[in-house]
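Heads up: the structure comes next, in structure tokens.
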Amino acid sequence: MTHPSASDIGRAVERLRGGGLVAFPTETVYGLGADALDADAVTRVFEVKGRPAENPLIVHVSGVEMARRVVSSWPGVAGALAGAFWPGPLTMVLPRAGCVPDVVTAGGTGVAVRVPDHDAAVALIEAFGGPIVGPSANPSGYLSPTRAEHVRERFDEETVLVLDGGPCRTGLESTVVDLTVEVPRILRRGVIDASLILEKTSVEVDEPQLPDEPEGAVVSPGVLGPHYQPDAPVELVTDIARLSARLKECTGRAVLLSPPGRSVRVQPPHEAINMPGLASGYARRLYAALHEADAKSPELILVVLPVLKDSPVWEAIRDRLRRAAG
Ligand code: TXA
Ligand code: MG
């Protein structure tokens, strides 16, 4: 495991204090950090990512105490969820405090907060001494980065200082849950699902059927429309017969992501990337595999859609794959 040194953290803090941007590792994906209370610094995050101004950012904090500084109320459910899942891949939307600039929440009255489960991220926030925003450190719409090199491939070091913490353990973005409504609801799926929340906290949350949500369903602005997409087109296949047919039709190179836990061989010029069989391993590997596939500039990336249901994580994986396929 790669650990940023104290001097790496020191340089990153200096960058943040100067209003600059730092990519930092978390357990989910790399975040693009800036001082959350500095509107100009946050505006640069939007510019550098090419992110639409109406898509709000998650504020990363080192613990409950700092979280309470950026919200105007801390209901019992927030305490219960934080107690069960922080630090970890759960983001809560709560009424925002006055110190949070408009640009962070896209003008909205709710602010999203989470404590990342990664020593380097927490060390950075603590050394900086305040909250930092952290959208995924990718150009808007592209695949999320799960390794430092994914960030370096897309941004130069002048613009974004990268704190290398090695590969991300979880590999899928955090679950986003809205606590500003009467019945808490999940806005973005992640490895923490409604059943786990109920089991650990007895809190009931609504889980919209994503991405085929009923019309008018509330979802996070950032999960609407195409997202998490490589440059090459992605096509999902569910059966092997269809897969062979698509490979034959493809005149250029296709890169295939295998069914979970099954190794497959394909004829050149096509290539295959074998995917892990366990949901946690598949999730950890997913974005790196899609980055690898995309780097080959293929005509098509074919993914055998996992149909497994032995873990709720598969649901989040299918969600991201459907979005990658657009
Ligand atoms: O795991 C993660 O959440 C990563 C790491 C770096 O922490 N961050 C991340 O940020 O995925 P981003 O910006 O790529 O996705 C944040 C999601 C978007 O869908 C955004 O619309 C939603 O959270 N969101 C942020 N603030 C919100 C708010 N105030 N109300 C509703 N949704 C919000
Ligand atoms: Mg993102």
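The first residue in the sequence is number 1, and the count goes up from there. Whatever order the structure lists ligands and atoms in, that order sets their numbers, starting from 1.
A donor-acceptor pair is defined here as one N or O able to donate and one able to accept, closer than 3.5 Å; such a pair exists between the side chain of Thr175 and the backbone of Ile192. A donor-acceptor pair under 3.5 Å is absent between the side-chain atoms of Arg285 and the main chain of Met275, judged by distance alone.
Near Val176, meaning under 4.0 Å from any of its heavy atoms, are these atoms of ligand 1: 23 (O). The distance from ligand 1 to the heavy atoms of His60 drops below 4.0 Å at these ligand atoms: 5 (C), 6 (C), 7 (O). Atoms of ligand 1 found under 4.0 Å from any heavy atom of Asn55 (numbered from 1 in listed order, with element): 18 (C), 20 (C), 21 (O). Each of the following atoms of ligand 1 lies closer than 4.0 Å to a heavy atom of Pro135: 10 (O), 12 (P), 13 (O). Atoms of ligand 1 found under 4.0 Å from any heavy atom of Glu173, numbered from 1 in the order shown, are 1 (O), 11 (O). Within the listing of ligand 1, atoms 6 (C), 8 (N), 9 (C), 10 (O) sit less than 4.0 angstrom from a heavy atom of Gly134. Remark: ligand 1 atoms within the under-4.0 Å shell around heavy atoms of Gly110 are 29 (N). Listed by number with element, the atoms of ligand 1 under 4.0 Å from a non-hydrogen atom of Gly31 are 6 (C).
With a 6.0 Å cutoff to the six-membered ring centre and a 45° limit on the axis angle, Arg147 does not count as a cation-pi contact of Tyr30.
For the residue pair Arg169 / Thr28, no side-chain donor-acceptor distance below 3.5 Å is found, with atom types taken as modelled. Defined by atom type and a distance below 3.5 Å, a donor-acceptor pair is missing between the side-chain atoms of Ser136 and Glu173. A donor-acceptor contact closer than 3.5 angstrom is absent between the side chains of Asp319 and Tyr228. Neither side chain, Tyr287 nor Glu292, offers a donor N or O lying under 3.5 Å from an acceptor on the other. A donor and an acceptor atom, one from each side chain of Arg114 and Thr26, are located under 3.5 Å apart.
Within the 4.0 Å heavy-atom criterion, the part of Leu187 lying near ligand 1 is the side chain and not the backbone. Neither the backbone nor the side chain of Glu54 comes within 4.0 Å of ligand 1, counting heavy atoms alone.
For the Mg ion (ligand 2), the set of nearby N, O or S atoms under 2.8 Å includes one belonging to Ser136.
Taking only nitrogen or oxygen atoms, main chain and side chain alike, Arg51 reaches within less than 3.5 Å of ligand 1. Of the N or O atoms in Tyr30, none lie within a sub-3.5 Å distance of an N or O in ligand 1.
Note on ring orientation: taking the six-membered ring where Trp is involved, the planes of His150 and His291 are parallel (angle under 30°, cut-offs 30° and 60°).
Using a 4.0 Å heavy-atom cutoff, Arg96 is absent from the residues neighbouring ligand 1.
Taking the six-membered ring for Trp, Phe24 and His60 have ring centres closer than 6.0 Å.
With Ala112, Ser174, Cys168 as candidates, the residue nearest to atom 26 (N) of ligand 1 on a non-hydrogen basis is Ala112.
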